[in-house]
Structures are given as structure tokens and as C-alpha cells.
*Asks:* 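Structure incoming, see below.
In this text, all values refer to a predicted model and were calculated from it rather than measured experimentally.
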Amino acid sequence: AATYYSREDCYMQASECKQQARLMCAQYKLLPHNVIVVSMSKMAIRALLATPNKHLLFPETLIIADAYSLNNPKSWGDILYGRCVRNKNISFFSCYTSKFPFDSLVYKHLVNRLTTENPRNGEYRDNLINLLNSIPDMTVEH
């Protein structure tokens, strides 16, 4: 058992090192555009990822979310709300849906954010409807 846990610990450390190396590569790519993603608080990173930035594309967003342990439904709901509902970035949403399987928690979070923050904003509502309509149909087989 000790050998197994020792190997598991090595694997976890190697995985964390890989995430940090990918984050450094993303930082290097974003540095000319004055986008800082290293040594920031989770709160600052959450705000950055949910804010539209033409230099922070989906692959970089995914790398940063992984490095800061933000690869979860609530965080992706916030990111998609900021990038896609507020700013109509359909290509970002398409990248998200091609990478991740359907997760109802993400979409519930999007709807909850819309109803609590902007219950009367028709533009955001229309943007969310367009996003939800762009989700590929799923067939469930028993």
C-alpha cells in the first residue's frame, strides 16, 4: 500500500508541475498584451476569466482554470456568463461545448445568474436563449 501511495503522490506532483508549466507558457504568450495570470488570487483570476479579452482565448482560459483549480461547473458558469451571455462570444461557447460534455449544473448556473443579476435585461436573455439553442441535441439510449 505504501508503494501505491508513494506512486500516487508522485503522479499528483507531476500533474501539478505540468499544470504550472502550461500556466507559464500561457503567461509567456499573454505577456506582450499586458495580461498577467501568474501569482494572482483566485478571486482576481475568476474576474479575469469572466471578462472578455481578445487575447485570452478558450485554450488559455482552460489552462488557467486548471492551474487555479477553477475547472468546475460554477466557475465555468461564471466564465460563460461573462464571455458568452454578456458579450455574445459564440465561438468561445462552441469551443467549450466541443471540449466538455453536457453538464446541467453549468447551464443552471447561467440561468440563475441571469435571473438574479439582470431579470429584465432582454438582450442578455436573448443571448442566453441563443446559447442554449446552440447546444447539440443529445440522444439518450437505454
*Asks:* So, for Gly82 and Arg86, which heavy atoms are closest and what is the spacing to 0.1 Å?
*Replies:* O-CB, 3.5 Å
*Asks:* Do Val85 and Leu80 make a side-chain contact, defined as non-hydrogen atoms from C-beta onward lying under 4.5 Å apart?
*Replies:* no
*Asks:* Hydrophobic clustering (ILVMFWY, side-chain heavy atoms < 4.5 Å, transitive) - are Tyr107 and Leu105 grouped together?
*Replies:*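 As far as the 4.5 Å side-chain criterion goes, Tyr107 and Leu105 are not connected within one cluster.
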*Asks:* Which pair of non-hydrogen atoms, one from Lys88 and one from Asn127, has the smallest distance, and what is that distance?
*Replies:* CE-OD1, 3.2 Å
*Asks:* Do Ile129 and Arg125 come close enough that some side-chain heavy atom pair is under 4.5 Å?
*Replies:*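 Counting from C-beta outward, Ile129 and Arg125 do come under 4.5 Å.
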*Asks:* What pair of heavy atoms forms the shortest contact from Cys95 to Ser98, and how long is it?
*Replies:* O-OG, 2.8 Å
*Asks:* Rounded at 0.5 Å granularity, tell me how far CD in Gln20 sits from OG in Ser15.
*Replies:*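 Result: 10.5 Å between the selected atoms.
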*Asks:* Looking at every heavy atom in both His33 and Lys29, which two are closest together, and how far apart are they?
*Replies:* CD2-O, 3.8 Å
*Asks:* Looking at CD of Gln13 and CD of Glu16, how far apart are the two atoms once the value is rounded to the nearest 0.5 Å?
*Replies:* 7.5 Å
*Asks:* Check whether any side-chain N or O of Tyr68 sits under 3.5 Å from a backbone N or O of Val37 as a donor-acceptor pair, and report yes or no.
*Replies:* yes
*Asks:* Counting distance only, does the side-chain N/O of Arg113 pair as donor-acceptor with the main-chain N or O of Lys108 below 3.5 Å?
*Replies:*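 Between the backbone of Lys108 and the side chain of Arg113 there is no qualifying donor-acceptor contact (under 3.5 Å).
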*Asks:* Do Leu131 and Tyr96 have side chains that get closer than 4.5 Å, going by heavy atoms?
*Replies:*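 The answer is no, as the side chains (C-beta and beyond) never meet within the 4.5 Å cut-off.
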*Asks:* Between atom CG of Leu114 and atom OH of Tyr81, what is the distance when rounded to the nearest 0.5 Å?
*Replies:* 5.0 Å
*Asks:* Return the orientation label for the Phe92 and Trp76 ring planes: parallel under 30°, perpendicular over 60°, tilted otherwise.
*Replies:*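 Judged by the thresholds at 30° and 60°, the geometry between Phe92 and Trp76 is tilted.
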*Asks:* Could you tell me whether the side chains of Ser91 and Asn89 share a donor-acceptor contact shorter than 3.5 Å?
*Replies:* yes
*Asks:* From Asn53 CG over to Glu60 CD, what is the distance, rounded to the nearest 0.5 angstrom?
*Replies:* 10.0 Å
*Asks:* When rounded to the nearest 0.5 angstrom, what is the spacing between CG in Leu62 and CG in Leu57?
*Replies:*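 Reported value, rounded in 0.5 Å steps: 12.0 Å.
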*Asks:* Would you say the side chain of Ile79 lies within less than 4.5 Å of the side chain of Arg83, judging by non-hydrogen atoms?
*Replies:*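 Arg83 vs Ile79: side chains touch.
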*Asks:* Could you walk me through whether Lys42 and Ser69 pass the side-chain contact (heavy atoms from CB on, under 4.5 Å) test, one step at a time?
*Replies:* CA-CA 9 Å; Lys42 266 193 178 181; Ser69 301; 3.8 Å; yes
*Asks:* Quick one: does Leu56's side chain get under 4.5 Å of Ile64's, heavy atoms only?
*Replies:*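 Answer yes - side chains close enough.
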*Asks:* Regarding Ser75 and Asp78, do their side chains bring together a donor and an acceptor under 3.5 Å, going by distance alone?
*Replies:*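 Ser75 vs Asp78: no donor-acceptor pair found between side chains.
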*Asks:* Do Leu31 and Ile36 come within less than 4.5 Å of each other through their side chains, counting heavy atoms only?
*Replies:*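 In short, these two side chains touch, coming nearer than 4.5 Å.
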*Asks:* Drop me the distance from Met24's CE to Ile63's CD1, to the nearest 0.5 angstrom.
*Replies:* 12.5 Å
